[in-house]
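This report refers to the structure that appears directly beneath it.
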Amino acid sequence: MSFSFQIEGAAGAARAGVFSTPHGNVETPAFMPVGTLATVKALDPDDLVQMGASMILGNAYHLHLRPGDEVVREMGGLHQFMRWNGPILTDSGGFQVFSLAQLRTVDEQGVEFQSHLDGSRRFFTPEIVMQIERNLGADVIMQFDHVIPGQSSEFAARDASERSIRWLARCLTELRRLEASQPLEDTPRERFQGDSPRNHQALFPIVQGGIHAHLRRAAADSIRAMYDWPGFGIGGLSVGEEKDAMFEMLEVVDEALPKTHPRYLMGVGFPEDLIEAIRRGVDLFDCVAPTRMGRNGAAFTRDGRLNIKRTEFRTDPKPLDPDCDCSACARFSRAYIRHLFVSDEILGLRLLSLHNVHFLLSLGRAARQAIMNGDLDSWSRDWLARYRTASPLTV
Ligand SMILES: [Zn+2]
C-alpha cells in the first residue's frame, strides 16, 4: 500500500491517526503549513523540520502560472525543487480559479479564465489540472472542483457539487492514465510501471454542498460509491458562513464519510476552529493565516491574539508567548520583535511567522495527546476558555 491510515486512539468523533505516504508518516490531527509558491513564506525547510511539520502544501494554480509546472518537473519535481523531503499535498487550484482569476467562464468541460498575474487566457479542465499536479509530483493531490461563494443558493450549491463529482470521475481516469505513462521524476524508471509506491499519488475528492446538509450527504454518498479513495477533502467551509453552520456541516460529513480514512478540512486553521473541527472528526488542516498574520504583526498566544506593534510592548522582556517553546520565544523578547517590526526589519516577520506556524503545529500535537490520554473534552474546554478570555493582549 502506498497510502494507509491507522487509527491509534479516539475520543468521540475525534481520532488520533497515522497517515502513511511514500515520503513519510503524518501523525494526525495535524496542521499543514502552506507553501503556496513552493515556499512557506519567510521560512526555510530546516525551520519546518525543526518545528515538527510533517506534511506541507503547494498550490497547482500558482505554480502553474509561476514558475510553470513543467519547470518544476524538469527540476525533479516539487520535493526536489524546494528541498522538502517530507509529504506534500497540492491543492488543485479550484479555489484560486474561482477567487483570484478574472473573467471566468465555466462549462461542463472546464473553466476558462485570465491569469491574475498577466491577464493571459488559460483553460483548466479536470484533465489539465491532473497533468499539472502530476508534473508537480506531490504525494496527495486534490481534485479539480467547482468552487462557489459561501452564501450561494441551494440551486447553485447543488449544481456546483454535482459538476465537481463529474469532474472527479474525469480526474481519476486521467490520473490512472498518467500513472501508467508518466513516471514521477524520482520514481526508479525500471519500476514505475510496476507498483513502485512512489509512482502513486493519492487523489483526494472534495465533498462540497455549501451549508445544505442533504447536499453534503448526497455528495459524500456519490463520491464513496465511485472509488475507494485514500482520503477525503471537505471544501467550501469557512468562507463567510456562520460558525455554527460550519460545525453542523462537519457533523453531517463526519457521519457520511468512512471513519477509516483521513479527512482534510480545506483552508481552516484558526486555533479555535481547529479544536472544534478535531472534535468533529477532522484530521488535517491548512491555512495561510499564521504566516499572513505574522507578516502583519499578529501572533497567536495561549491568551488570544497579540499585536506586537502596540506601544505597550516597547520594553516588554517576555517572549511572544511564555508557554511556547519555538525558537523565537526561546530567544527573543516582545520588545525586540516589536522593534524589528517598527523598523521594517525582515527578521521581525520571519520570527512571527515561525512562532505562528509552530503554534498551530503544537496545537495539533496537544490535541492528539489529549485524544490519546482520553481527556479531549476537558483539555479542549480549558484551552478554549483561556484563549477566549479577553485580556489586555487581545487584538
Ligand atoms: Zn513561540
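All values below were derived from every heavy atom in this structure, side-chain atoms included, with hydrogens, water molecules and symmetry-related copies excluded. Counting starts at 1 for both ligands and their atoms, following the listed order.
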Is the His355 ring parallel, tilted or perpendicular to the Phe359 ring (thresholds 30°, 60°)?
tilted
Mind telling me whether Phe98 and His146 have parallel, tilted or perpendicular rings, with 30° and 60° as the class edges?
parallel
Check the angle between the aromatic planes of Trp383 and Trp379 and answer parallel, tilted or perpendicular using the 30° and 60° thresholds.
tilted
Tyr61 and His116: ring-ring contact (aromatic ring centres under 6.0 Å, His included), yes or no, with the steps?
CA-CA 10 Å; Tyr61 170 87; His116 75 287; 5.5 Å; yes
Is there a side-chain contact between Ile308 and Leu352 (heavy atoms, below 4.5 Å)?
yes
What protein N, O or S atoms come within a distance below 2.8 Å of the Zn ion (ligand 1), ordered by chain and number?
Cys324 SG, Cys326 SG, Cys329 SG, His355 ND1
On the six-membered ring of Phe113, is Arg121 placed so that its NZ or CZ lies under 6.0 angstrom from the centre and within 45° of the ring axis?
no
